[in-house]
Participant: 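The structure's right below; bear with me while I get my questions together.
We number each residue from 1, following the sequence as shown. Owing to the predicted nature of the structure, the values given are computational and were not obtained by experimental measurement.
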Amino acid sequence: MFISREMRLKQDFRLEPGLVLAVEPMVNMGVADTRILSDHWTVVTKDYMPSAHVEHTLALTREGVKIVTAGTEDLKSVLLPPTSGG
């Protein structure tokens, strides 16, 4: 299932097995306000303070959440159990 940016802005969607999510936090020493450079890819903070961007890919399975991008063998075996919810 692919959920575009436009779809995310227009409506909610269900988290269900088969969905893969990219979680991409950006941690900034300064302000949270950002801008995209002319290469249409690079993101900088408006105050140009140091920042870090990390990403993990999570796959939702019937057994729980699998951390696809885990870097160590220990983390690759991590499977967060599904929650009961509606």
Side-chain angles (χ1 to χ4, degrees):
M1 170 190 292
F2 174 75
I3 300 172
S4 67
R5 180 178 185 278
E6 290 76 23
M7 183 177 170
R8 290 190 319 265
L9 293 173
K10 290 180 183 175
Q11 65 190 37
D12 288 338
F13 57 92
R14 293 190 58 82
L15 299 178
E16 55 190 30
L19 185 65
V20 177
L21 301 168
V23 179
E24 305 182 43
M26 184 174 179
V27 181
N28 309 318
M29 286 185 71
V31 300
D33 297 330
T34 60
R35 68 184 198 92
I36 299 173
L37 299 184
S38 61
D39 63 4
H40 303 285
W41 185 261
T42 306
V43 179
V44 297
T45 58
K46 290 187 176 178
D47 62 3
Y48 292 97
M49 292 291 290
S51 300
H53 173 258
V54 296
E55 177 179 335
H56 269 301
T57 302
L58 309 176
L60 282 59
T61 71
R62 292 191 189 281
E63 294 76 33
V65 179
K66 175 104 174 135
I67 303 172
V68 177
T69 51
T72 68
E73 289 306 314
D74 289 339
L75 280 178
K76 285 183 181 178
S77 66
V78 169
L79 191 66
L80 304 174
T83 60
S84 59

Participant: Where do Leu58 and Ile67 land on the side-chain contact (heavy atoms from CB on, under 4.5 Å) test, with the steps shown first?
Facilitator: CA-CA 5 Å; Leu58 309 176; Ile67 303 172; 4.0 Å; yes

Participant: Please report the shortest heavy-atom distance between Val44 and Tyr48, naming the atom on each side.
Facilitator: CG2-CE2, 3.8 Å

Participant: Indicate the atoms forming the closest heavy-atom contact of Thr34 with Lys46, along with that distance.
Facilitator: O-CE, 3.5 Å

Participant: Please assess Thr45 against Met29 for the test side-chain contact (heavy atoms from CB on, under 4.5 Å), listing each intermediate value before the final yes or no.
Facilitator: CA-CA 9 Å; Thr45 58; Met29 286 185 71; over 6 Å; no

Participant: Tell me the closest heavy-atom pair linking Leu15 and Leu60, and the distance in Å.
Facilitator: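 Result for this residue pair: CB-CD2, 3.7 Å.
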
Participant: Kindly compute the distance separating CZ (Arg35) from OG1 (Thr42), expressed to the nearest 0.5 Å.
Facilitator: 10.5 Å

Participant: Would you give the length of the straight line joining atom CD of Glu55 to atom CE of Met26, rounded to the nearest 0.5 angstrom?
Facilitator: 14.0 Å

Participant: Short question: side chain of Thr57, backbone of Thr69 - any donor-acceptor pair under 3.5 Å?
Facilitator: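 Not at all, since once roles are kept as given, no pair shorter than 3.5 Å links the two residues.
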
Participant: Identify the two heavy atoms, one from Gly30 and one from Met49, that lie closest to each other, and give their separation to 0.1 Å.
Facilitator: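 Closest heavy-atom pair between Gly30 and Met49: N-CB, 3.8 Å.
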
